[in-house]
S.K.: 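For reference, the structure I am asking about is given below.
Protein chains get the first letters and strands the later ones, always in sequence-line order, with residue 1 at the start of each.
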Amino acid sequence: MELGLAHFLTTSALLFCLGLYALLTRRNAVAILMGIELMLNAANINLVAFNRYVAPAALNGQIFALVVITLAACEAGVGLALVISAYRRLRTIRVDEINVLKW
Amino acid sequence: MPMPPGDLWSLAPEFWLAALGIGLLVLDLFVPEGRKRIVGWVAIAGLALGLLPIAGMLGGPARTVLLGAYAVDGFAVVFKLVIVAATILVILSALDSLSGRTGFEGELYALLTLSSLGLVMMAASADLIVLALSIEFVSLSSYVLAGYFKEDRKSAEAGIKYFLFGAGASAVMLYGFSIVYGLTGHTSLYAIALQVRDAPQPALVLALVMVLAGLGFKVSMVPFHQWTPDVYEGAPTSVAAYLSVASKAAGFAALVRVLVVAFAPSSVELVALVAGLAAVTMTVGNLIALPQTNIKRMLAYSSVAHAGFLLMGVAAFNAEFGTPGLVVYVIAYAFTNLGAFLVAVAVEGRLGTTELSGYAGLAQRSPALAAAMALFMLSLIGIPPTAGFFGKFYIFAGAIQAGLLWLAVAGVVNSVVALYYYANVIRLMYLVAPESPLPLAEPTALRLALGISALGTLAIGLFPQPFVALAGAAALLLRF
Amino acid sequence: MGELAAFIILSVVTLVSAVVVVTSGNIVRSALSLVPCFLGIAGLFVLLQAEFVAGIQVLIYAGGITVLILFVIMLTEGGTGMRFRQVNEQVPLGVLASAALAVLLVVTLVGTRWPQGSGSLPGNTAAAIGSAFLTNMVLVFEITSLVLLVALVGAIVIARRER
Amino acid sequence: MRDLIWLIPLFPLLAFCAIVAFGRRLPGAGSYVAVAGIGASALVSIGLFLEMLGGGPPAQLSLRWMILGEWPLDLGFRVDQLSALMLLVVTVVGSMIFVYSIGYMHGDPRFPRFFAYLSLFAASMLLLVLADNLLLLYAGWELVGLCSYLLIGFYFERPSAARASMKAFITTRVGDFFMFLGILLIFLHLGTFQFEEIFARVREGALSGATLGGVPLLTLVAVLLFGGAVGKSAQVPLHTWLPDAMEGPTPVSALIHAATMVAAGVYMVARTYTLFFESGGQTALHVVAYVGGVTALMAATIAVVQDDIKRVLAYSTISQLGLMMLGLGMLGYTAGMFHLMTHAFFKALLFLGAGSVIHAVHTNSIKEMGGLARVMPSTYWTFLIGALALAGVPPFAGFWSKDEILLETFHHSPVLFAMAALTSFLTAFYMFRVVFYTFGGTLRKHDAHPHESPPVMTRPLWVLAFFAVFVGLVGAPAFGAPIKHFIEFEGIKHVPFSAGLALLSTGIAGAGIFLAALVYHWKVIPASGLRRAAGPLYALVEGKYFFDEVYAVAVVRPTLWVAGSLRKFDIYVVDGIVNLAGVAGLRVARLYRVFDLYVVDGVVNLVGWMAKAMGGVLRYVQTGRVENYLLAIALGVIVLAAAGLLR
Amino acid sequence: MESYLLTITVFLPLAGGLLILLTPKGREETMRWVALATSGLAFLASLWLLGPFDLGAAGMQLQERYAWIPTIGVNYHLGIDGLSLPLFILTALLSVLSVVYSWKVDQRVKEYLFLFLLLETGMLGVFVALDFFLFYVFWEVTLVPMYFLIGIWGGPRREYAAIKFFLYTVVGTLAMLLGILLLYFNADPRTFGILELIEQQPLARAPMLAALAFWGFFLSFAIKVPMWPFHTWLPDAHVEAPTAGSVILAGVLLKMGTYGFVRISLPMFPETFKAYALVIAILALIGIVYGALVAMAQPDLKKLVAYSSVNHMGYVMLGVAAAAAAVGVPEKARAATIALNGAVFEMVAHGVITGALFLIVGVIYDYRAHVRGVDDFGGLGARLPLYTGVTSVAMLASLGLPGLMGFVAEFLIFVGAFGVFPELTAVAVTGILFSAAMFLWTIQRIFLGTPNPRWADLPDLDRREAISLAPLVAIIVFFGVYPRPLLDLINTAMTSLMVAIR
């Protein structure tokens, strides 16, 4: 059996859902952030894979992937900054305890 | 390969905004504490200048630059105008309300300016990569803005919530983008549009939905709206205003461009999908808005509801009244909702409360403020001769023309529901006695901003012709 | 054949460590197990002939982001040494949702007949990407830089204490 | 004269306006103006009448009142023999009463207003008489009703007066309702209100074939119109208002509730006689006759037991009106109108006499009076004349006209003749009961110091008395009964005068008087004995056949009840189509502590409470916890995708 | 000058209102005079219209037409004809009188007068707008000021009444908006011009859509009229509103509904209207009897008058429905014309009469007794002769006494409607019985009977009140005796309308 697009897609799909799982079940903001990173990576796998199998003519996929990586970095930066300031103010980063704002 | 100079010229506004933003950062270093308002005024002046090149592009030919990555068409131009104008008003309101509440005032103006650049690009980007970039650009700055008052519990909470929600949504969206890319092998919307016709159905639907998650988050469309009330309530009021108008407008620009340009040719039943979402969105927004007791929160839900009305225009994109309707509504909504938030800013600044109870008897304490608020509320209800009415009128027209009579009826019912909580504000201001007769004074900058938005609200209602023309220009959205 | 084996190993590494990341009760451990995950993904990139991307992946993710995350963990509750329940009470729903989505995704993505692209990737992707960034992707490049700037400023504004 | 007819109603109207405008500042505090007004129109009417005597075409005058579509609607005046006669009666009797009132109302705080009302009444009454079409007739009809309302309630501080006035107006309006329907039917089928056109069309059989709900249309129309007459002329069963109307000042009773307005019903029937006459098998006429007959008898019986002098006269008026109707119904077109005329004179006379008596002793009860013959001779003599005329003693006016009616009746229906005869017997009886009680014997009310009324009151009495004596002669065969040639309806041939019947009727009257004398003068038979003899019948009569009670139970209370319950219905049901929903919403909303004061009930609830309740529930989706939001994203994506895929 | 006469008349009050907004605080007297001056001028201008207006000619006159939103074919199009002219003048008149009457309002005068004048502009506009967009705008413009008038200067339950009024009306108008759009998109060429659309009959070939649009308009108008069972906002609004507000509500706003039926529903959807005429007639009938009976049971004088309006507007709708039912039936044309004339005449008559009645109630409630329970009084007749007289005239007119305005209207309606719906009309005629009973009973309880010592020292009408009542009484009597001038005006319009829809 030849290695094909489907394999990569499967991996990325599973990775994405693992990330999603973290997103949905983790209390710790940082853990949720990690989940998000996983999801972004899944997207990256897709992009690169498609670039390889579907549209090898141009490198849009890989470039997109690079962009996504950068964005991920930025998100991590800003996000973690927010986490820190939130922790300073609220003394917690457990999101289910951060709910003054509701209804 | 060398770029034709025309391309560069058509990017003039973006360059200007970028330069302005960076310039402000630099300027901020030299402006001493307590004089930071200067930075704000400079930002306002700069943005105002920025309006000129944008306006200059009105009526120009619809085309793309940078190999289809970036669209320069009436649609984008109009939205750019709205965004920049809104930013100006927001900064005006911030000048008074923010000074003293944060140590990073200068950066705030810079960030607002820069993120307005992001919004501008969102409205114009015709390439998935650029789109993703500009969306993230906006999101990142918005997260920061929402959490700007670090000493304020609510603000901090708003920041982190907004971030987590937004990051999640955009992750989903990016995954969707990747699938779209896989299905068509292109990132340029126009190239995608050519391929998408015979793209395999299930995957396309999946991609569409995931993309909707990201864009829906930006325009606060149900079920991706839940950040809205919390963030609006927690964020600095000016920022909330900014999010509710500028970033929503840009979000709709992007949404329309993606759906209409890229997905419309496909065999997916876009209209039914969007119409359904529109109905749900406006209903949920209005219903939850009813029991609210906090003006910002109430406005947040109302902005969800209005997202529903706007989606009505998106659903009617096939009708000749559809897109113009959307644009007119956006413009009307921008003025009106900004105005409402500005009043909220003023009241908060004077009374220190954002609870509705604070508005009791405002008519006696500050007639001008109350009158303005009443005007905005009526406009949000859609009573002529205000902008809101004309927008609603146009959107309904689009829906009916597109054969979506049921959606129009749903819209009508919703307007009636909405009447309730808007009228409640009017009632509080005029029919209820104030608990203290002390008059309130509005600061100059705010007065200016209020005047502009009130004027706009009335002007659109009384002399809609120019705006209709504008919408007509916007209607020639570059599509295949 | 070798490719397939490599793929299997790499994706197993990736997914397993990802599972640890999302399930481990110890936040520090899950943060650390991000590293193998990212490396595995980098490997996959290599398999896909995206060496440059792979490199960047290693540098930024495995290098930068993970470290950043660890720092933050230390600066916040991780540093206090106390252990908290790491999962909230909507685990079952979460499982359900992500499982459902997984099925949905896998079925559709695998079931789809993807268009077959013509041509092949350039040998030296790094050079190609570089030139692309300076020609028709210049806008992307510029915007990216602006995004970085904004993120930088924002992060500073937020992270610094009020003066 | 003919082209001056428009002046006739104008004079009183002007008087009315003048008095309203200037009131006391006018000569005689307005009374002279009023008298002048009615007097002027009396002169014109007399002139007109004399012209009419010479025969010749009717006087016609009309005005384009409105144009609807291309169809004009004209209103006009028309004076033929019938209306000329009526005009004469109204204006002459009217002016007498006006003059009399100057004395009677002397010193009343609302003196000018009284004359204003009187003038307005005269104007409207003349309008009614002059009308050449149903619309104008109806207008005058309603206006006289209004005036009677105002004048009955003239002493409105007296609750009884206030009640009586309202009762009068509404009861008559019940009749008007039917009349109005009749008018509508006529217009619907003939497209006109003009009498002449209507009659012409009817004669050529325009409505002959038509039926409505099985009833021949023409008959129905006629009967409906008669309904109006029943109300106005106080025929059974709508007669109950007239006795109460005696709450008004006595001149009013004389003018409106004896001489003119109540006679309007009779006049209207005569005016539209063609309709009745042409109605299939003359059914309509029979209806008229029977209603008249019953009314006549019933009222007469009641009159016997009344002690209030004015009420006696009131019931006698009802009874006499019944006789007129009976006459008309028995093809006695001339007889009916003839009796109307004579009755106007002697009944007005009687009322004014009664007024003068009341003025003197300040009581209405004949039981308290007595022996007034000596102290107020002219009142006594005039009253006696009136009584004789009413009783139908030759050669007084009443005799001739009543005799005509009996004659007609005798020829067409023995039953009705019996009733009529009995009526006239009772009439004679109760009239002289009154006479003996009032003028005979000695004064029973001791604190009273009776005195003759001032000449301004007695002179009109004499004038009227003169008429009461002689006006009947125009029907006397000895003089060739000119009235029969003056007032006649082509198609009806007059029944020849029969001496025998005349004798009989005289006998009946004499018997009545004699019996009255036995009981009340010579006291041979004790009144109590009569009462016992009558037994339950007496109770029935005493209770006025319990009409009022029945109405109270059958009509008034139900209406008020319906109104009241409809009001509740309106508050609780229509307004709260969704009150239940509202309540439900209220519960939910309470549950979630969302409550707003300004939404209370009604349809507002539908939108309000339900929406709020739903909002109240929905808002709790907004838990404020990010993980739930994120879950929402995931689920949203899944659901939407599923929706998209499953389509 | 003449070519702008309508615009000037319509916007004069608004100008006055803005002027008042500019007047500094504490100059209440000036504000009042400004209000009086502008509304008075508007009234004079409306009378002036009679000059250039050609009474004989059918169709719209004094038209003004300017492009407003050319892109979608919206025009600023004004025009007036025999139907709108009387209502136009009536509006102006009632506004002036209300301003005079409101002289003593001393709470938040500036807002009061501004809103009042704004309201007047809206009402005037509705009657002369010939473009649906414009019509809609004016229609809604009347809504907000009335909401405030009720809500701020109203009675104890004002907030509830105000929001209820607001809600009901908005529901209606939005339905109308959909109807308008349906017409617009089915027209070819697309237009919002009322006349053009009537000319085109865009929905004639789409019965389903026509029905939808018709009911859209119906909802809006029926709520305004108000027809049973949409009437429940009316008693609350009338009772809680300040006197001048009630006058305007009853005198003008209700007419907007019936005006809509005659001006729009009838010519725009003749066939559809015909199809549903019976239903509407029955609703009208219910309104007639029901209104009268409920009024009879009202202890509150103001509510009583309010319900009598339900009853009278029922007459109007009966007439209109009759006219609609006669569409295409030549032999019924005459009856229809009469009914329609009657209906329009009743609009004016009811405006004047009920306006007077509310002023009358206000006189006793606002400035005298401060109670308005029918049973709280008694024997006022002796104390206040002038007041009693005026009241009696108004009430008698309202119960349809010949010689007064109400009679002519009801008479024509009955005569006309009887030719179309004999049975229904026969029942409807009982309405005059009930209303007679109702009003006379009221008069008796308030003015007749033994004087109530509690009101021993009530003053009679003062000059200002007399001034604001006199013209109404004069009109009631004059047109009651000689309706020709007014009817000719109406008739030309109605005749051409009947011809148009035949």
S.K.: Sort out for me which of A/Ile69, A/Asn41, A/Leu59 touches chain C most, counting heavy-atom pairs under 4.5 Å.
M.R.: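 Sorted descending by pairs with chain C, the first entry is A/Asn41.
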S.K.: Quick check: closest heavy atoms across A/Asn51 and A/Asn60, and the distance to 0.1 Å?
M.R.: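 Heavy atoms only, the tightest pair is ND2-N, 4.1 Å.
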S.K.: Select, from A/Val30, A/Asn28, A/Leu20, the one with the greatest count of heavy-atom pairs under 4.5 Å involving chain C.
M.R.: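 Of the candidates given, the most pairs with chain C belong to A/Asn28.
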S.K.: Heavy-atom pairs under 4.5 Å with chain A - which of C/Ala151, C/Gly111, C/Ser98 has more of them than the others?
M.R.: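 Among the listed options, the one with the most contacts to chain A is C/Ser98.
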S.K.: Between C/Thr66, C/Leu152, C/Thr14, C/Leu101, who has the most heavy-atom pairs with chain A when the cutoff is under 4.5 Å?
M.R.: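 Ranked by heavy-atom pairs under 4.5 Å with chain A, first place is C/Leu101.
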S.K.: Testing the basics here: between C/Gly94 and A/Thr25, what is the closest heavy-atom pair and its distance to 0.1 Å?
M.R.: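 So the minimum-distance heavy-atom pair works out to CA-CG2, 4.1 Å.
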S.K.: Can you tell which part of C/Leu34 gets under 4.5 Å to a heavy atom of chain A, answering side chain, backbone, both or neither?
M.R.: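 Only the side chain of C/Leu34 comes within 4.5 Å of chain A.
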S.K.: Among the options C/Ser120, C/Ala99, C/Gly154, C/Ala128, pick out the one with the most heavy-atom pairs lying under 4.5 Å from chain A.
M.R.: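 Between C/Ser120, C/Ala99, C/Gly154, C/Ala128, the count favours C/Ser120.
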S.K.: Could you look at C/Val140 and say if it's the side chain, the backbone, both or neither that has a heavy atom under 4.5 Å from chain A?
M.R.: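 Side chain only.
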S.K.: So for A/Val54, is it side chain, backbone, both, or neither that comes closer than 4.5 Å to the heavy atoms of chain C?
M.R.: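 Both backbone and side chain.
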S.K.: Would you mind telling me which of A/Ala81, A/Gly61, A/Pro56, A/Ser85 has the largest number of heavy-atom pairs within less than 4.5 Å of chain C?
M.R.: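 Heavy-atom pairs under 4.5 Å are most numerous for A/Pro56.
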S.K.: Considering residues, nucleotides and ligands other than C/Phe133, do more than 12 of their heavy atoms fall under 6.0 Å from its CZ?
M.R.: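 It does: C/Phe133 CZ has more than 12 such atoms within range.
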S.K.: With no hydrogens and no angle check, is any side-chain donor or acceptor of A/Arg26 less than 3.5 Å from a backbone partner on C/Val22?
M.R.: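 Judged by distance alone, yes, a pair lies under 3.5 Å.
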S.K.: Using the ring of each side chain (for Trp, its six-membered ring), is C/Phe7 parallel, tilted or perpendicular to A/His7, with breaks at 30° and 60°?
M.R.: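 Rings of C/Phe7 and A/His7: perpendicular, over 60°.
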S.K.: Shorter than 4.5 Å, heavy atoms on both sides: which option in A/Phe50, A/Phe8, A/Phe16 has the most such pairs with chain C?
M.R.: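 If we count pairs closer than 4.5 Å to chain C, A/Phe8 comes out on top.
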S.K.: For the interface with chain A, which of C/Tyr61, C/Phe45, C/Phe38 has the highest count of heavy-atom pairs at distances below 4.5 Å?
M.R.: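 Between C/Tyr61, C/Phe45, C/Phe38, the count favours C/Tyr61.
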S.K.: Quick one: which of A/Glu37, A/Arg52, A/Glu75 has the most heavy-atom pairs under 4.5 Å with chain C, could you say?
M.R.: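 Among A/Glu37, A/Arg52, A/Glu75, the one with the most close pairs to chain C is A/Arg52.
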S.K.: With a 4.5 angstrom heavy-atom cut-off, is it the side chain or the backbone of A/Leu23 that approaches chain C, or both, or neither?
M.R.: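 Looking at A/Leu23, nothing touches chain C.
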S.K.: Of the non-hydrogen atoms in C/Ala50 and A/Val48, which two are nearest, and what is the gap between them?
M.R.: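 Distance-wise, the nearest heavy atoms are CB-CG1, 3.6 Å.
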S.K.: Restricting to non-hydrogen atoms, name the atom on A/Ala58 and the atom on C/Leu121 that form the minimum distance, rounded to 0.1 Å.
M.R.: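 For A/Ala58 and C/Leu121, the tightest heavy-atom pair comes out as O-CD2, 4.5 Å.
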S.K.: With a 4.5 angstrom heavy-atom cut-off, is it the side chain or the backbone of A/Ile93 that approaches chain C, or both, or neither?
M.R.: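 It is both, since atoms from each part get that close.
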S.K.: Test the A/Arg91-A/Tyr87 pair against the cation-pi criterion, namely NZ or CZ under 6.0 angstrom from the six-membered ring centroid and within 45° of the ring axis.
M.R.: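 Pair A/Arg91/A/Tyr87 counts as cation-pi.
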S.K.: Highest number of heavy-atom pairs under 4.5 Å with chain A: which of C/Pro115, C/Gly64, C/Cys37, C/Ala97?
M.R.: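 Highest number of heavy-atom pairs under 4.5 Å: C/Pro115.
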S.K.: Return yes if some donor-acceptor pair links the side-chain N/O of C/Asn88 with the main-chain N/O of A/Leu24 below 3.5 Å, else return no.
M.R.: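 Side chain of C/Asn88 to backbone of A/Leu24, a donor-acceptor pair under 3.5 Å: yes, one is there.
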S.K.: Is it the side chain or the backbone of A/Arg88 that comes within 4.5 Å of chain C heavy atoms, both, or neither?
M.R.: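 The side chain, not the backbone.
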S.K.: Taking every heavy-atom pair that is under 4.5 Å apart, which of A/Cys17, A/Ala29, A/Ala65, A/Gly4 has the most such pairs with chain C?
M.R.: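 Most heavy-atom pairs under 4.5 Å with chain C: A/Cys17.
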S.K.: Give, as side chain, backbone, both or neither, the part of A/Leu38 having an atom under 4.5 angstrom from any heavy atom of chain C.
M.R.: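 Only the side chain of A/Leu38 comes within 4.5 Å of chain C.
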S.K.: Backbone N or O of C/Val21 within a donor-acceptor pair of the C/Ser24 side chain at under 3.5 Å?
M.R.: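 Not a single qualifying donor-acceptor pair exists.
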S.K.: Is C/Val150 in contact with chain A via its backbone, its side chain, both, or neither, using a 4.5 Å heavy-atom distance?
M.R.: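 No part of it gets close to chain A.
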S.K.: Short question: side chain of C/Trp114, backbone of A/Ala6 - any donor-acceptor pair under 3.5 Å?
M.R.: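 No; judged by distance alone, with no hydrogens or angles, the pair does not exist.
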